Amino acid sequence: MAIATASDDVFVEEERPTARVLGRRHDRLALALIAPSLLFLVVFTYWPIAQVVLQALTIETFGSKTVEHGFGNFARLFADASFGRAVTNNLIYAAGTIVPSIGLALALAVGLRESTRFNALLRTVVFFPVLLPLVAAASLFLFVFLPGIGLLDHHLGRLGFHQTNWLGDPDVALWSLIGLTVWKNAAYYMLFFIAGLQAIPDDLYEAARLEGASATQRFARVTLPLLGPTLAFVLVVALVNVVTQVDHVVVLTKGGPSDSTNLVLYYIYQQAHENYDTGKAAAATVASLTALVALSVLSLRTLERAVHYEA
Amino acid sequence: MHPLTKVASATAFALALGLGSAQAATEIEMFFPVPVEGKLAKEMQSLMERFNAAHPDIKAKAVYTGSYDETNLKTHAAIKAGRPPAAVIMSANFVLEYQIADEIQPLDPLIAADGKTSDAFMDQFWPALHGNARFAGKVWGVPFHNSTPLLYFNTDHFKEVGLDPKNPPKTWAEWSDAAKKLTKREGDKTTRWGLMLPSNYDYLGWVMTALDMSNGGQYYNSEYGGEVYYDQPSMRGALTFVDNLIHRDKVMPEGETDGKAVSTAFFAGQTSMVVLSTGSLSFIRENMKSGYGVAFVPSNIRNAVAIGGASLIMPKGLSDEQRKASWELIKWLTSPAVSGGWSRFTGYFAPNKAAYDLPEMKEFLAKNPDAQVAVDQLAYARSWFATYSTVAVRKALEDEVQAVLSGKKKPLEALKAAQAKAEEIMAPYVAATAMNLPK
């Protein structure tokens, strides 16, 4: 920046070398200042990324010491029906968790918007699941989901419903995990929406009211457009959660029954640690992270284009 | 001196000091898992203190490494990183994979150095445990604690429907009759199941092994890690039996049931019979409110179940001192007195036969006849399923069996798919071994 402004300035032509030296000194200082974090970033982030990519392109065969390089791991990955199943499950899981939890979060945020004492209490109650680590929540839900005796079946049974094998029925199990995730995440997203709502000036609502806009119109025309940046941010956070959080799969189902709750990250774990197939695990990591980055960029771009930043 | 060089030399100095102090007593680490409920981790620490007190030249440390699977994962990682633990309590069916990967050392030289033959050494342990410890001509593991599946039943329910709790079902025919009598319905709703089997990953494979073996099957080739017998009549019979209990007789719930859900349902009186590990014996003894009994897993062709549990293994890449110290620890942990004490504490049976000759063990068995049943069933026990890529090959069967439990597939097609998948997973090993022919 410093160099650019100095060279643009025609009146201080003689000072340009000094400015350049200054700039260089600035650069060096800046580099020195960020060096510690850069070092850690390289050692713990960029270097592992490079290694994963390298691993994905390295083909090892059992019983032979020679190693080949190429796209063979990716070919095996895409031919694996279990990977296809995990991707499909992950897509259903994404749609099933993101839409309801963001909808619920938005409804809760609008409902609990006013900072009254009662609302503060309700917010705390609603926020409670966020405080629980996902592992702990999943361990609790093991008993909520118990067929027949669990909390859910006990109360549904009183209402005359049949016993449901929440985690053991391949048609139901993924939806049980989706329910748990929505319960866990909605309040977290609500927090962002409440913050976003505070930033919307009241006079806009006043103006809308004067114009005779109904509550729904005010929500659709004022609240929602102005929450655009928050929504874009929450969507990306939710998207990342869908791919990176599988604690409940580990605790509750291990991907079963018959792979019906297997998500991509757990599939990667299985390949690496149960099957010792590091090549396939690395290929799946590269493939899923590429998709995630692409999706994040896409959603941020499209949403930001439609966003009104200024009130 | 450049600051970085200073840091480096200081670190080197500190490291040298650290290594130097290790010369005094040989320091060794042992990885150990806690597979069942209870205060096992604490008990293991006190065992280590007793061992160290008795062996002043060794400083052994027990490192808790999570479940069986996590212990396996951490051991592989430690070996890859070049810092292998001196000993590991490893799930007995993973030992083969370490031998295939050439990551553990045979124990025969250490046995020979003690002036014993390998035959005499293995003879200390129950014959059923030999298969998973001694194979390919060498001793690779020393049995530490072991289990078998057992039939647990609610004696109050038995009396209520006119069954004799002193005479639990011995054959599959008696078993399914009992299950039908014990099942209670209100309209089309079942309020009590006759039988429940754990069917989560890992447990399901073990239960299917027991049923397949009780039906005359082998399940896998115990001599060669590249073969399984999933689509054979013995397995088809076993799976059809289970399918009938669920979908024809409706005496067992549909779908997958976790081991924890099975024990909870048993405690709550929601099921009258369950199959669970002998390792759960203490847990059930402490938590069961109504009367219960235990029996062998019923048979169709013969009495047979697979063992479970863990063996002590020794990774490669240890120094001579570490190897000697580790061997002392392994021998001590599997000696009759220690083995028997651990067995009484956990509910696992003691692999060392001599443990049952000790007076405190005789007294314990007289007080707890259910533990005696577990020991008696050992006469019919066989080796535990172990192949190349054991977990994935087991999962190939489990996924398909779960599809049958949920009514999505019929036994025959499910088992054909399981066999095909298992063969696909073992293909690289088969290509490098049994199909590696003279060119």
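As the structure is a prediction and not an experimental result, all values here were calculated from the model. By convention in this document, chain letters (A, B, ...) are assigned in the order of the sequence lines, proteins followed by strands, and residues within each chain are numbered from 1.
- Contacts of B/Tyr429 with chain A are made by both backbone and side-chain atoms, with heavy-atom separations under 4.5 Å.
- Most heavy-atom pairs under 4.5 Å with chain B: of the set A/Asp259, A/Asp169, A/Leu146, this distinction falls to A/Asp259.
- You'll find the ring centres of A/Phe62 and B/Tyr388 inside the 6.0 Å limit.
- In this structure, the portions of B/Ala265 lying under 4.5 Å from any heavy atom of chain A include both its backbone and its side chain.
- With a 4.5 Å cut-off on non-hydrogen atoms, A/Gln271 does not touch chain B at all.
- Within the 4.5 angstrom heavy-atom criterion, only side-chain atoms of A/Asn165, from C-beta onward, approach chain B.
- Between the side chains of A/Tyr267 and A/Asp80, a donor-acceptor pair is found at a separation under 3.5 Å.
- A centroid separation of less than 6.0 Å is found between the aromatic rings of B/Phe267 and B/Phe283.
- Taking the six-membered ring for Trp, A/Phe71 and A/Phe78 have ring centres at least 6.0 Å apart.
- Only the backbone of A/Leu167 comes within contact range of chain B, with heavy atoms under 4.5 Å apart.
- Proximity to chain B (any heavy atom under 4.5 Å) is restricted, for A/Phe161, to the backbone atoms N, CA, C and O.
- No part of A/Ser260 comes within reach of chain B, as not one of its non-hydrogen atoms sits under 4.5 angstrom from that chain.
- Side-chain atoms of B/Glu97 and B/Asn72 form no donor-acceptor pair, as typed in the model, at a separation below 3.5 Å.
- Taking OH from B/Tyr201 and CG from B/Leu397, the interatomic distance works out to 11.0 Å, rounded to the nearest 0.5 Å.
- Less than 6.0 angstrom separates the ring centroid of A/Phe141 from the ring centroid of A/Trp183.
- Heavy atoms of B/Ala403 lying under 4.5 Å from chain A belong to its backbone as well as its side chain.
- For the options B/Asp258, B/Ile100, B/Thr257, B/Thr264, heavy-atom pairs under 4.5 Å to chain A are most numerous at B/Thr264.
- Taking chain A as the reference chain and counting heavy-atom pairs below 4.5 Å, the highest number among B/Glu424, B/Glu256, B/Glu254 is found for B/Glu256.
- In this structure, the portion of A/Gln163 lying under 4.5 Å from any heavy atom of chain B is its side chain and not its backbone.
- Below 30°, between 30° and 60°, or above 60°: for B/Tyr220 and B/Phe385 the angle between ring planes is above 60°, a perpendicular geometry.
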